[in-house]
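Every heavy atom of this structure was used, including side-chain atoms; hydrogens, water molecules and symmetry mates were not.
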Amino acid sequence: MANQYDAIVVGAGHNGLVAACYLSRAGLRVLALERRGFVGGAAVSTQLYKDFTYSNCSYVCSLLRPEIIRGLELPRHGLQVIPYEGGGTLMGNGDYFATYTNHDAMRREIARHSKRDAEAYERYSRDVMRQCKFIKPLLMHTPPDPTSFLPRDIMELVYLGQRFHRLGEARMYDTIRFYTMSAADFLDEYFESDIVKAHMGGTSIIGTALGPRSPGTAYVLLHHYMGDIDDSVGAWGFARGGMGAVSNAMRASFEASGGTVRTDAEVEQVLVKRGRACGVVLKGGEEIRAKTVVSNLDVKRTFLNTVAEDDLPADFLRAVRNFKIRGSSGKLNIALDGLPRFPAFPSDSPCIRGDLHITDSLDMVERAYDDWKAGRWSAKPYVDMLLPSLIDPTMAPDGKHYMTVFVQYAPYHLADGEWTAERRQAFGDTVINAIAAHSPDFKDKILHAEIRSPWDIENEVGLTEGNIFQGELTMDQLLFNRPIPGYAQYRSPIKGLYMCGSSTHPGGGVMGAPGANAARTILGDLGRERVQ
């Protein structure tokens, strides 16, 4: 006889683990299934080279909601987040732009490039923070259905309308513009210096198949600005021991509440009987029964790969196929024999202890995007590179260092054929050479490099096309449109089958909000205690 659980969570990535934790804490018998031999999805730490620890995919921590950290007692289960201290962009002319956590130091650095921009920075910070304050409370809310007359949806629409109205007339217009404009147009309203705009605008294209001049990228910039470490909004940091520490703490919290995790357990099919989910079938044929099934897979993998087509409405399937999940990112993890030199930075500057970049204008980023549109990896890529071992000594042996490099742009579909080992290496060489142009000893210090294309990320992690957000963060795929209009409240056309991954509101990043919101919906449907 098949095993019986109250709920099965498919995919033990961080959102799946968050949902599983809350369901288990509400008294349900919960099983989390993971196809790989370890939990975490994209938030994992592995040792591929000697005593170095790599954060293979996701690499920085900040978006994880503080209420989830507290509610699941993650610090008690080993999670420690260490803020980093700044950052910078290296310029082609040998100069640099540094960023600092100290506000006055940041203003002085901007003034070094443009006194006008230093004054505008106050206004920019205020306006971005205003948008953060508007959207942040919505992250842990289930989106309302604007077509519904149910009391809960009406109350949520009223709540949203009241928050919007409190902005005042001028700010209401600004907010509408902000959500539809490009990052380049938004930054042009504040700054004149190319390097200031390039550094500020870089986060607008991370993980996104758009360029800085594409409408909608201003919101992506905001999405990355909503970091929060110890109530410091906009702060980013490293999880001590790599990003796997986040997932491992969640697993420990889940198991402490009575939950069960099975690894090497790939779900092949969601069982449906009379329009209701009733369990899953694993690869190999094992059946496991449950009254509730929660998918942490992206919306395409959930409904195109694990659910029979006959169990879904045709218009729903059409919308799933049209949901935009486009691969645009690559990742390098590099073991170094020592700390590479970046001569442009002052020797005593803390900026090297944060995120570093090598594109010094938005035009340069836009040209990198042009390469992606043509089916090529960028000849001059945008990189977000960090040296976590400067802050977290657990990542590398004494005297050596670990570098993580996130890359835009790398297409999933190459114009000249499929990704091969040779093309992957050529992509990696392009990135390494771009960094080495600013660091004369960088290549000599490389001991090992893990190179991941979007194809590798898809096949290893299970993210369609290697898209780190499980779907574009554009206006047509946000709030009650995410992932599909009419199904933005974590439910599906099949009773008892729910979604909790980043394809749902509020989207991607190691945030945990989709998992918590989905658990709240499920417990509400079951008449159980709601997630706080």
Side-chain angles (χ1 to χ4, degrees), residues 55-60 87-93 96-97 183-184 194-195 197-214 217 220-221 224 326-334 336 340 342 344 354-387 403-416 419-420 422-439 442-443 446 449-458 465-469:
S55 288
N56 297 83
C57 290
S58 61
Y59 55 102
V60 286
T89 295
L90 294 152
M91 301 171 66
N93 64 3
Y96 68 94
F97 175 77
D194 283 342
I195 184 59
K197 288 188 283 188
H199 189 90
M200 300 293 185
T203 56
S204 71
I205 53 92
I206 284 182
T208 302
L210 298 169
R213 302 194 183 282
S214 303
T217 48
V220 183
L221 183 151
H224 286 93
R326 300 177 295 187
S328 62
S329 311
K331 180 79 193 297
L332 274 68
N333 295 292
I334 303 174
L336 296 165
F342 294 97
D355 53 339
L356 307 177
H357 312 285
I358 56 174
T359 42
D360 56 13
S361 72
L362 290 180
D363 285 342
M364 189 174 175
V365 181
E366 190 70 26
R367 287 194 294 271
Y369 177 53
D370 289 340
D371 286 339
W372 179 88
K373 288 186 288 184
R376 304 184 299 265
W377 59 80
S378 301
K380 294 183 177 180
Y382 173 87
V383 304
D384 187 33
M385 56 182 175
L386 302 100
L387 291 152
M403 176 182 278
T404 169
V405 186
F406 183 87
V407 188
Q408 293 282 122
Y409 297 84
Y412 178 79
H413 299 285
L414 292 172
D416 58 354
W419 281 96
T420 62
E422 292 76 15
R423 288 183 175 126
R424 184 190 303 112
Q425 186 61 52
F427 162 64
D429 289 344
T430 299
V431 176
I432 289 169
N433 288 335
I435 298 170
H438 300 273
S439 176
F442 175 65
K443 292 171 80 170
I446 295 175
E450 179 192 28
I451 303 168
R452 286 182 158 189
S453 70
W455 186 92
D456 298 307
I457 295 171
E458 177 185 72
E465 291 203 15
N467 185 290
I468 64 172
F469 293 146

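Considering all non-hydrogen atoms of both residues, Thr89 and Asp360 come closest at CG2-CA, 4.3 Å. Heavy atoms only, all atoms of each residue included: Gly207 and Ser328 are closest at C-OG, 3.8 Å. The two residues Leu362 and Pro212 make their nearest non-hydrogen contact at O-CG, 3.8 Å. Contact detail for Arg326 and Asn467: the closest heavy-atom pair is O-ND2, 2.9 Å. Of all non-hydrogen atoms in Ala449 and Ile334, the two that sit nearest each other are CB-CG1, 4.2 Å. For the pair Pro454 and Ser329, the tightest heavy-atom approach, listed with the atom from each and the gap, is CG-O, 3.2 Å.
Contact check on Asp370 versus Arg367 returns no salt bridge, with no Lys/Arg side-chain nitrogen under 4.0 Å from an Asp/Glu carboxylate oxygen.
Between the CD1 atom in Ile468 and the CD1 atom in Ile457 there is a gap of 8.0 Å [rounded to 0.5 Å]. Rounded to the nearest 0.5 angstrom, His199 NE2 and Leu90 CG are separated by 10.5 Å. Atom CD1 of Ile206 sits about 8.0 Å away from atom CG of Asp355, to the nearest 0.5 Å. Residue Leu332 holds its CG atom at 11.5 Å from CE of Met385, rounded to the nearest 0.5 Å. The CZ atom of Arg423 sits 5.0 Å away from atom OG1 of Thr420, with the distance rounded to the nearest 0.5 Å. Rounding to the nearest 0.5 angstrom, the gap separating the CD atom in Glu366 from the CG atom in Leu210 is 9.5 Å.
Counted within 6.0 Å of CH2 on Trp419, heavy atoms from surrounding residues, nucleotides or ligands total more than 12; the atom is thus considered enclosed.
Within the 4.5 Å cutoff, no side-chain heavy atoms of Met403 are placed close to those of Leu386. Side-chain contact between His438 and Leu356: absent, with no pair of heavy atoms (C-beta onward) separated by less than 4.5 Å. Counting heavy atoms from C-beta outward, Arg213 and Asp363 have side chains that approach closer than 4.5 Å.
Using the six-membered ring where Trp is involved, Trp372 and Tyr409 have ring planes that are tilted, between 30° and 60° apart.
Contacts of Lys331 classified as salt bridge (charged side-chain N to carboxylate O under 4.0 Å, His left out), with partners at least two apart in sequence or in another chain: none. Shown here are the side-chain contact (heavy atoms from CB on, under 4.5 Å) partners of Ser58, two or more places apart in sequence or in another chain: Ala43, Met243, Val510. Scanning for ring-ring contact (aromatic ring centres under 6.0 Å, His included) contacts around Phe406 gives Tyr59, with sequence neighbours left out. In this structure Glu465 satisfies the salt bridge (charged side-chain N to carboxylate O under 4.0 Å, His left out) test with no other residue, sequence neighbours excluded. Listed by chain and residue number, Met364, Val365, Tyr382 satisfy the side-chain contact (heavy atoms from CB on, under 4.5 Å) test with Thr359 (two or more places apart in sequence, or in another chain).
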All N/O donor-acceptor pairs, side-chain side in residues 427-435, below 3.5 Å, sequence neighbours left out:
| from | atom 1 | to | atom 2 | distance (Å) |
| --- | --- | --- | --- | --- |
| Asp429 | OD1 | Gln425 | NE2 | 2.9 |
| Thr430 | OG1 | Trp377 | NE1 | 3.2 |
| Thr430 | OG1 | Ala426 | O | 3.0 |
| Asn433 | OD1 | Lys443 | NZ | 2.8 |
| Asn433 | ND2 | Asp429 | O | 3.1 |

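A side-chain donor-acceptor contact under 3.5 Å links Thr217 to the backbone of Ala183. Although no hydrogens or angles enter the test, the distance criterion places no donor-acceptor pair under 3.5 Å between the side chain of Tyr369 and the main chain of Ser378. Judged by distance alone, with hydrogens and angles left aside, the side-chain atoms of Asn333 form no donor-acceptor pair with the main-chain N or O of Glu450 at under 3.5 Å. Of the possible donor and acceptor atoms, one in the side chain of Ser453 sits under 3.5 Å from a partner among the backbone N and O of Asp456.
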- Item | Val60/Asp384 under side-chain contact (heavy atoms from CB on, under 4.5 Å): CA gap, chis, key distance, verdict | CA-CA 11 Å; Val60 286; Asp384 187 33; 5.6 Å; no
